[in-house]
Amino acid sequence: MDSKVRVRFAPSPTGGLHLGGVRTVLFNYLFAKHHKGEFILRIEDTDQTRFVAGAEDYIQNTLAWCGLVPDESPLHGGAYGPYRQSERKPIYAKYAQQLIEQGNAYYAFDTPADLEQKRKEILNFQYSKAHRMEMKNSISLTEQEVTTLLENNTPYVIRIKVPDAEEVKFEDLIRGEVSFETSQVDDKVLLKADGMPTYHLAVVVDDHLMRITHAFRGEEWLPSAPVHILLWKYLFGLDQMPKWAHLPLILKPDGNGKLSKRDGERLGFPVFAMDWTDPATKETTIGFKERGFLPEAFVNLLAVLGWNDGTDKEIFTLQELIEGFSIDRVHKGGAKFDYEKAKWFNTEWIKQLNNQELAKLVRPILEKEGIEIHEDDYLVKVIGLVKERCHLLPDFITQSNFFFTPPIQIDTASILPKWDDKKKVFFTELAKNYAAKITDGHLTAAASDLETEFKNLAATQDLKPGDLMLPFRIMLVGGKFGPGVFDIVSCIEFKDAMQRINHCLSLLA
RNA sequence: GGCCGGUUCGUCUAUCGGCUAGGACAGCCCCCUUUCACGGGGCAAAGACGGGUUCGAUUCCCGUACCGGCUACCA
């Protein structure tokens, strides 16, 4: 009770981190920080066949981007390391041995082929009481046979000996009491033939050694919970066991089933937090970051997918999430991911973020497009003008590039139908006026003044301003979009505005 | 198949026995805007089904249906 809250996120480094993974991290983090506790990152790399180079760095980078920095991790160190299970290999064998001595585990010598054969022969084969005696293990074999097998270095695994007819139950922080009949659970492998532990053993041993107080993980782990409960009982005592919470799954938007990388590709939205390039295939999977999401928005949208604070509030800062988070307000049911709503969160965050901060993020995106930015102040001003029409960061490209360079594509087709000599005269005159301003030493003017002058000029020529606005807009930005025309003129200044008018006039001639 | 879990508008969700079932996204309409957005207003849209318990069930219990997860020397 009075011991410090310690939680862990324990991914296996097999590829990019998807939405569900990041949300698991987030809930862990929020819970820990809410209780002024510690958040640990532990890398579960016990399956050497699935290990993918770079995946661990990717995980660390993703956490950093999201602002969910671990207190202890392979990178940050800590008092309970090492934090990579592959580096803890010797530890697990000791506990497996202890279980054997206690009679809670046993050696099994069946080869993969033996098992495959057995599964073919018997429908719904389970390595458990029902078939244990038909297999090659230290329960079915005599002591002498086992000793010989061991002395000959016969490959073996260690399996948990699940008790006969017991009820295993535990209190899930989200689901309440969950119980299992042990006759339904099989003798899971604890230690593999290569000496590595399986998840089942490793998670229990490490959670104990790392003093984990609360263990949150995806719902897909619920069925193996009884194995872990049993292991806790045999090894460290149930009173030492962390509190469990099994998080609901994030489901695909259409149809059924949990969200996968393929769904994102199919439906055209990211599933990974950041870009991930598979080192083997060189195939890159797009991430939320690169798609133009702000980390604040990403964290926000994930947090409210399956959790809410009981009010109508939807926009939360990380700090607000920490303060308001509680595990018992997490949903039981899975949630379908809605990309449209996800974008809405980003739109909101773009509006919330101040222009200076936004400028830092937008600048590299524009520069990558070959847009030259000479002054920071100018960029900040432009961002203020266009931010409310941007949903994703790359939207700033189309929304603001005409502030930096004259439009290349000009939608003259939208001007032509109503174009006539009167308008031509007007714009020729307008350009001259701007030229005169420059001669007088004026670079620019306030938008409201520009508008007044524009309307006055229109009046003297007996033209309706309304008929002139669209052509003017297209001359300036190339199409029917963007902020108010006079804001644009004010921003790009007389010289540039004049050139764009003249250029367009020549196109229309 | 077995085990476990889940089930409120199309989607995310509020409701902890008393509701004309609220909000948000998406959709549609209107206003604002001489562009596109933003913003404001409005419309439409839900308690899987059947039994109980109760004065009263979306809320509690049971059953059914449907959906999902797991069922590896993967996590």
Side-chain angles (χ1 to χ4, degrees), chain A residues 10-14 44-50 85 108 110-112 115-116 119 123-127 155-159 172 174-175 178-181 183-186 188-200 202-203 217-226 246 248-249 251 253-258 301 304-315 328-329 331-345 347-348 351 386-391 395 398-399 411 414 455 464-470 472-474 476-477 479-485:
Chain A
S12 46
T14 54
E44 309 225 333
D45 55 349
T46 55
D47 185 357
Q48 293 160 333
T49 62
R50 295 211 313 162
Q85 290 183 331
D110 319 275
T111 65
L115 291 167
E116 198 185 325
R119 288 189 184 107
L123 193 66
N124 301 329
F125 171 79
Q126 275 213 138
Y127 206 122
Y156 65 85
V157 300
I158 292 177
R159 288 180 182 270
D172 186 285
I174 294 172
R175 286 150 216 285
V178 182
S179 70
F180 298 84
E181 213 32 70
S183 55
Q184 300 296 332
V185 346
D186 59 344
K188 288 266 182 267
V189 170
L190 264 21
L191 205 69
K192 300 185 249 185
D194 64 1
M196 276 290 192
T198 59
Y199 173 83
H200 307 296
V203 74
R217 62 199 342 185
E219 190 187 332
E220 69 269 25
W221 287 108
L222 206 40
S224 49
H246 291 86
L249 266 17
L251 277 12
D254 59 339
N256 305 308
K258 64 176 170 181
L301 73 93
V304 297
L305 203 57
W307 173 86
N308 69 81
D309 72 349
T311 72
D312 288 338
K313 187 173 166 71
E314 292 197 273
I315 303 298
D328 47 66
R329 285 205 64 88
H331 264 245
K332 294 183 174 82
K336 289 186 179 176
F337 179 66
D338 181 357
Y339 187 55
E340 291 306 316
K341 182 106 189 202
K343 282 196 289 193
W344 175 77
F345 278 103
T347 308
E348 290 301 307
K351 283 190 290 186
V386 306
K387 68 193 281 193
E388 67 201 21
R389 42 210 97 212
C390 296
H391 307 292
D395 291 344
T398 50
Q399 289 296 338
D411 183 16
S414 293
K455 286 181 175 170
K464 282 193 283 188
D467 295 334
L468 300 164
M469 296 296 275
L470 188 66
F472 195 24
R473 164 174 298 283
I474 292 172
L476 296 169
V477 316
K480 295 184 237 181
F481 61 95
V485 281

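Please read all numbers here as calculations on a predicted model, not as lab measurements. In the text below, chain A, chain B and the rest are named by the order of the sequence lines, each starting its count at 1.
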Describe the nucleic acid contact of [X] in one word from base, sugar-phosphate, nothing, applying a heavy-atom distance below 4.0 Å.
X: A/R217; result: nothing
X: A/G218; result: nothing
X: A/T14; result: nothing
X: A/K258; result: sugar-phosphate
X: A/D110; result: base
X: A/H246; result: nothing
X: A/V304; result: sugar-phosphate
X: A/G333; result: sugar-phosphate
X: A/L123; result: nothing
X: A/P248; result: nothing

Roughly how far apart, to the nearest Å, are [N] and [M] at atom [atom1]?
N: B/A46; M: B/G39; atom1: C1'; answer: 29 Å
N: B/C74; M: B/U15; atom1: P; answer: 42 Å
N: B/C28; M: B/G69; atom1: P; answer: 33 Å
N: B/G18; M: B/G47; atom1: C1'; answer: 16 Å
N: B/C67; M: B/A48; atom1: C1'; answer: 11 Å
N: B/A65; M: B/A14; atom1: C1'; answer: 26 Å
N: B/A72; M: B/U54; atom1: P; answer: 47 Å
N: B/G50; M: B/A44; atom1: C1'; answer: 30 Å

Does the distance from a Lys or Arg side-chain N to an Asp or Glu carboxylate O, for [X] and [Y], drop under 4.0 Å?
X: A/D338; Y: A/K341; value: no
X: A/D186; Y: A/K188; value: yes
X: A/E116; Y: A/R119; value: no

Where the side chain of [X] is concerned, which of [options] is the nearest nucleotide?
X: A/T46; options: B/A24, B/C73, B/A75; answer: B/A75
X: A/H391; options: B/U35, B/U34, B/C38; answer: B/C38
X: A/R389; options: B/C25, B/G69, B/U35; answer: B/U35
X: A/D312; options: B/A75, B/G22, B/C25; answer: B/G22
X: A/L115; options: B/C12, B/U34, B/C73; answer: B/C73
X: A/V157; options: B/G23, B/C73, B/G69; answer: B/C73
X: A/V178; options: B/U35, B/C4, B/A24; answer: B/C4
X: A/L249; options: B/G69, B/G10, B/C38; answer: B/G69
X: A/F481; options: B/C36, B/C25, B/C73; answer: B/C36
X: A/L222; options: B/A75, B/G5, B/G69; answer: B/G5

Any-strand Watson-Crick or G-U partner of [N], both distances under 3.5 Å:
N: B/U20; value: none
N: B/A65; value: B/U7
N: B/G2; value: B/C70
N: B/C43; value: B/G27
N: B/U59; value: none

Taking only side-chain N and O atoms of A/R329, does any of them lie within less than 4.0 angstrom of OP1 or OP2 on B/U15?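 Result: yes.
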For B/A14, does either OP1 or OP2 sit under 4.0 Å from a side-chain N or O belonging to A/H331?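 Yes, because at least one side-chain N or O of A/H331 sits under 4.0 Å from OP1 or OP2 of B/A14.
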Parallel, tilted or perpendicular for A/W221 and A/Y199, by the 30°/60° rule?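 A/W221 and A/Y199: parallel rings.
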To the nearest 0.5 Å, tell me how far A/L222 CG sits from A/F180 CZ.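 Answer for the CG-CZ pair, A/L222 versus A/F180, is 4.5 Å.
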RNA chain B: 5'-proximal contact among A/F180 and A/K351 (nearest heavy atom):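 It is A/F180, whose closest nucleotide lies nearer the 5' terminus.
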For A/K192 and A/A335, find the nucleotide of RNA chain B closest to each by heavy atoms; which residue's nucleotide sits nearer the 5' end?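 On the 5' side of the pair lies A/A335.
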Using only modelled atom types and a 3.5 angstrom limit, is any donor from either the side chain of A/K341 or the base of B/A24 paired with an acceptor on the other?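 Result: at least one qualifying N/O pair found.
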Checking side-chain polar atoms at under 3.5 Å, does A/D110 have a donor or acceptor matched by the opposite partner on A/Y127?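 Judged by distance alone, the side chains do pair up.
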Under 3.5 Å, is there a donor-acceptor pair linking the side chains of A/R175 and A/H246?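 No pair is found: no donor N or O on one side chain lies under 3.5 Å from an acceptor on the other.
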NZ (A/K313) with more than 12 external heavy atoms under 6.0 Å: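 Yes, the 6.0 Å shell around NZ holds more than 12 heavy atoms from other groups.
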